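One structure below.
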Amino acid sequence: MDIPGLPARRAALNLIDAVLRRGETLDQAASSALSRVRGEPDRALARAIAGEVLRWRADLDELIDSATRLPLADDAKARAVLEIMLAQVLRLETPAHAVIATGLPLLAGGPRRLAHGVFSTLTRRGIFLPDVPTLPDAPYERWGSRAEAIAKGLALPPPLDIALRDAAQTESWAEKLGGTSLMPGHVRLERGTPVTELAGFGEGAWWVQDLAASLPARLLGAGEGRRVLDLCAAPGGKTMQLAAAGWNVTALDIAGRRLERLRANLERTNLAAEVVQADALKWEPEAPFDAILLDAPCTATGTCRRHPEVLHRIGPRQIDEMAEIQTKLLARAAEWLAPGGVLVYAVCSLEEAEGEAQARALEGLQHEAITQAELPEGLAPTDEGWLRTDPGMLAGQGGLDGFFIARWRKA
């Protein structure tokens, strides 16, 4: 019989291995890695341990190497076990005796003795982590001058943002939920309470949506019954925003399972949209649209606050693949606009190839600059009239995801 808590640590080890060795996301790896973990608290613990290791891995490894005569191989199991042991002590405030009892059984023989010795040496030193995580070399080089600011936003997991169905009730919901609002229709809450237990969830008064993710739909304004296409719509946050703003929404996505979530969200919030399952590179609309929102498939490096695995699994190949798809989708979307129609393009990516490069390359539409008045306090459009956010922005209020957003109008 397993030691209590050991299955959660073994699952964390498997989650980290899936990310670093197989290039999976934590969500992709979860079904297999967590299959033998009983109870939601232990499953959440496994995810939390893996997330903290991936967030702070460079700093944890520096500590480990400072206590070994010879550096451990990057793929050594002893290193991975030490990473999860140190992450628990330094980030999750787990007592050292509990860490030893649930960590060392993951190893045997020499590696176990080595891990015990290294862990004991380090904990006797009174070790600590820096205030800001050290980024892996690859994203640090890609993000250039923005890297240090981005890293500052990764020190803590993000708060919970919700988008309200009725923006006029912002103050009321902020008070009822004990949160703060950074702009109308938005409330920010501390992490901890299960979403389904919060007031207003059952009645569909709101949905979970990062503040940055809510900005693209806001840039289309009030719908007044006009037709809008939400391209790559699932799981539905932007669809619900558009429907709540009075648009006649067509929500298109290729993924059937994700569209099931979209339909469930629409039903819970009592909002309506025409839902279409199709490949956007093959589908043709019956008539042009007054507006199109393209939240394109991307590497999602801008979500590194809540998905730190992207720091380790995304490289040039994935970026190039996504950029090629984005270029094709933008060209398709531009064709489907009615005269005078507006196109908003967004990606939750920090990569220039998926953002600025795409905006510069699009032809045939008139660029429509994003204005300061459309943004929450503390954010500003770029000199080109685009919007670039990153996790280091609004740090004093809890930060936000990294996005690139641009807008055009058809003459």
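Residue numbers run from 1 in the order of the sequence given. As the structure is a prediction and not an experimental result, all values here were calculated from the model.
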ring-ring contact (aromatic ring centres under 6.0 Å, His included) contacts in which one or both residues fall within [range], not counting sequence neighbours:
range	answer
residues 181-202	Phe201-Trp206
residues 27-65	none
residues 230-283	Trp283-Trp336

Going by the rule side chain to side chain contact (heavy atoms under 4.5 Å, CB included), which residues pair with [X] if we only count those two or more places apart in sequence or in a different chain?
X	result
Pro159	Arg188, Arg305
Ala73	Asp75, Ala76
Arg313	Thr25, Glu309
Tyr140	Leu135, Ala147, Glu148

So with a 6.0 Å cut-off around [atom1] of [X], is the heavy-atom count from everything else above 12?
X	atom1	value
Asp131	CG	no
Gln372	CD	yes
Glu190	CD	no
Asp137	CG	no
Arg306	CZ	yes
Asp320	CG	yes
Arg360	CZ	yes
Arg22	CZ	yes

Got a salt bridge between [X] and [Y], using NZ or NE/NH1/NH2 to carboxylate O under 4.0 Å?
X	Y	answer
Glu52	Arg55	yes
Glu267	Arg263	no
Glu351	Arg142	yes

Consider side-chain contact (heavy atoms from CB on, under 4.5 Å). Of Arg261, Glu260, Met240, Arg257, which one does Pro235 pass it with?
Arg261
Tell me which one of Arg317, Gln318, His312 satisfies side-chain contact (heavy atoms from CB on, under 4.5 Å) with Ile314.
Gln318
Using side chain to side chain donor-acceptor pair (under 3.5 Å) as the criterion, list what pairs up with [X], not counting sequence neighbours.
X	answer
Arg125	Ser66
Asp65	Arg79
Thr382	Glu384

Any sub-3.5 Å donor-acceptor pair from [X]'s side-chain atoms to [Y]'s backbone N or O?
X	Y	answer
Arg226	Ala222	yes
Asp42	Val37	no
Glu83	Asp61	no

Could you work out, with salt bridge (charged side-chain N to carboxylate O under 4.0 Å, His left out) as the rule, every residue matching Asp166, not counting sequence neighbours?
none
Tell me, please, which residues at least two apart from Glu93 pass salt bridge (charged side-chain N to carboxylate O under 4.0 Å, His left out).
none
Rounding to 0.5 Å, atoms OG1 (Thr303) and CG (Leu350) come to a distance of 8.5 Å
Please lay out, stage by stage, how Lys410 and Glu368 fare under the test salt bridge (Lys or Arg N to Asp or Glu O under 4.0 Å).
CA-CA 10 Å; Lys410 189 168 186 176; Glu368 187 166 284; over 6 Å; no
For the residue pair Arg388 and Phe404, would you count it as a cation-pi contact if the rule is NZ or CZ under 6.0 angstrom from the ring centre and within 45 degrees of the ring axis?
no
How far apart are the C-alpha atoms of Asp295 and Lys238, what are their side-chain angles, what is the distance that settles it, and do they pass the salt bridge (Lys or Arg N to Asp or Glu O under 4.0 Å) test?
CA-CA 9 Å; Asp295 183 8; Lys238 296 176 180 68; 2.6 Å; yes
